[in-house]
Amino acid sequence: MTIRHGLRATIHAVIGALLIAGGVSAGDATHSILGLPSVVVPADNPITPDKVALGKKLFMDRRMSPNNTLSCAMCHVPEQSFTQNELATSVGFEGKSLRRNSPTLLNVALQDSFQRDGAKASLEAQVWGPLLAHNEMANGSVAVVVERIISLPDYSGLFEQAFAGKSADEISIGQALASYERTLLAGNSRFDRWYFGGAANALSAAEQAGFRVFMAANCNACHFIDEQAAPFTDNRFHNTGVHAAQQRNASRPISVQLAPGVKIAVDPRSLSNLSEPEHQDEGRFEVSGDPRDRFAFKTPSLRNVALTGPYMHNGSIATLEQVIEFYTTNYVSQSELRITRLELSAQSMSNLVEFLRALTAENVAELSRDARSIRNGN
């Protein structure tokens, strides 16, 4: 199946790809969208249209926060490819700063662990993290969220319809949100049509040259491609040198935007009295306790990467060009990394960016419009 034109057809095709008919059992999967790996749906949470519709409503609902201001979609903005393009790191409850960049939810169904440090093993468990985090959506407890949803008239009967007569609870809220997020599949890019579909003219000469650079530079070691599909991630954790580069650049002036197009350089020492010291983010180490995981973060997929900046776990790099520059002129080599400093000409760097832009799926805007079709009672 390839993504068809038209919002209704696209969404129905994506849901169909997730084996709604008859439910699924453990290990059931599908290879239905060109270029994407199999999607495995948990046996205890088969996807149904009612669950997806309910999960979408919850995802877009600002009443999921105590002061009715924050929804999941505030950090995973549909129009911004289900991430947040304007900020390096999102702003949470009552303006609190978050320490990590919001990862895109596009193709989140393909991941085997969740959050940038892999702290959650399932989507169902992950969705509760932001709901309860004091600096994100800041709900006091699971019970508070459940009671609030049950009290809202426009949710009357929806959980019972989606979950065989059961009312809202911790499990069903997590399952509904996870079911919706699993429909955010975005494949069938021009690269997929060229590489997997055999469409010789789907990529330009520059884009094809960029793919050759990608493979020659061993980018595929972490951003994986196989014969049947291209997840563009190994779903593992690596220290890419971002922390070391930040330490090296800590004394350099900080660019502060005063107005659109107006920026000034500020000495970082002059900001020390205006905010708390930045918390050192040790990545996967905070989950595993293994010293080898210090400053390691999960490899992000490169699918739709042209739409999902800023980049790195902390949003510290603004553009694809700057990411490639980081791995060439600004890269800090460390012995535990699987990659080495790239030696690329200006033309090769340009071609590589062109290739990365060709990884954009054709249905991203339709997924965004579908999310905004929700009108909650707030």
Side-chain angles (χ1 to χ4, degrees), residues 18 23-29 38-48 51-52 54-61 64-65 70-76 82-83 90 92-93 98-149 159 162-163 166-185 231 233 235-237 281 283-290 293 296-301 313:
L18 290 169
V24 297
S25 58
D28 282 344
S38 300
V39 175
V40 178
V41 181
D44 62 353
N45 188 24
I47 294 181
T48 68
K51 282 186 194 174
V52 171
L54 177 56
K56 178 167 60 176
K57 179 177 176 65
L58 292 167
F59 184 87
M60 300 299 296
D61 200 336
M64 295 290 280
S65 64
L70 293 176
S71 68
C72 303
M74 299 295 287
C75 290
H76 301 283
F82 293 88
T83 179
S90 296
F93 187 71
L98 307 183
R99 62 176 177 158
R100 291 176 181 169
N101 174 261
S102 292
T104 179
L105 295 182
L106 294 176
N107 297 319
V108 70
L110 305 178
Q111 299 180 24
D112 56 18
S113 67
F114 303 90
Q115 301 183 177
R116 292 193 179 272
D117 56 11
K120 302 297 183 182
S122 71
L123 265 179
E124 286 78 1
Q126 189 281 326
V127 297
W128 279 104
L131 286 168
L132 300 179
H134 73 94
N135 60 344
E136 294 190 55
M137 297 175 76
N139 288 288
S141 68
V142 170
V144 167
V145 178
V146 172
E147 290 171 7
R148 186 183 308 130
I149 290 173
F159 278 86
F163 292 96
K166 294 175 60 179
S167 183
D169 61 15
E170 178 179 2
I171 293 174
S172 60
I173 291 170
Q175 289 185 336
L177 280 164
S179 292
Y180 169 62
E181 291 179 4
R182 287 193 176 100
T183 69
L184 300 177
L185 297 175
T233 176
N235 278 311
R236 297 177 64 187
F237 304 88
D281 191 340
R284 179 67 175 170
F285 172 75
E286 297 178 7
V287 177
S288 70
D290 186 337
D293 288 335
F297 295 88
K298 187 168 62 176
T299 305
S301 174
H313 71 275

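Between Ser71 and Asp61, the closest side-chain pair of non-hydrogen atoms is not below 4.5 Å. At a threshold of 4.5 Å between non-hydrogen side-chain atoms, the residues Glu181 and Val127 count as touching. Looking only at side-chain heavy atoms (C-beta outward), Phe163 and Leu54 come within less than 4.5 Å of each other. Residues Asn235 and Thr299 form no side-chain contact, since every pair of their non-hydrogen atoms from C-beta on lies 4.5 Å or further apart. In this structure the side chain of Phe237 never reaches within 4.5 angstrom of the side chain of Ser288, judged on heavy atoms. In this structure, Asn107 and Leu185 have side chains that are in contact, with non-hydrogen atoms separated by less than 4.5 Å.
Side-chain atoms of Gln175 do not come within 3.5 Å of backbone N or O of Lys51 as any donor-acceptor pair. Under the 3.5 Å distance criterion, the side-chain polar atoms of Ser301 are matched with a main-chain donor or acceptor of Pro231. Checking side-chain atoms of Asn139 against main-chain N and O of Leu131 turns up a donor-acceptor pair under 3.5 Å. Looking only at distances, a side-chain donor or acceptor of Thr83 sits under 3.5 Å from a matching main-chain atom of Ser102. Trp128 places a side-chain N or O within 3.5 Å of a backbone atom of Glu170 that can act as its donor or acceptor partner. Distance alone, capped at 3.5 Å, places no donor-acceptor pair between the Lys298 side chain and the Gln111 backbone.
Heavy-atom minimum distance, Val52 versus Ser179: CG2-O, 3.9 Å. Leu98 and Gly92 get closest at one heavy-atom pair: CG-N, 4.2 Å. In plain terms, the two heavy atoms of Ala119 and Val287 that are nearest each other are CB-CG2, 3.8 Å. Ser141 approaches Leu132 most closely through the heavy-atom pair C-CD2, 3.6 Å.
Checked against salt bridge (Lys or Arg N to Asp or Glu O under 4.0 Å), Glu124 has the following partners two or more places apart in sequence or in another chain: Arg182. For Arg100, the salt bridge (Lys or Arg N to Asp or Glu O under 4.0 Å) criterion is met by Asp117, Asp281, Glu286, not counting sequence neighbours.
The list of salt bridge (Lys or Arg N to Asp or Glu O under 4.0 Å) pairs with a residue in residues 126-146, not counting sequence neighbours, is empty.
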Hey, mind stepping through Leu58 and Tyr180 against side-chain contact (heavy atoms from CB on, under 4.5 Å) and telling me if it holds?
CA-CA 9 Å; Leu58 292 167; Tyr180 169 62; over 6 Å; no

Go through Arg116 and Asn101 one step at a time and tell me if the side-chain hydrogen bond (donor to acceptor under 3.5 Å, both in side chains) criterion holds.
CA-CA 9 Å; Arg116 292 193 179 272; Asn101 174 261; 2.8 Å; yes

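Using the six-membered ring where Trp is involved, His76 and Phe59 have ring planes that are tilted, between 30° and 60° apart.
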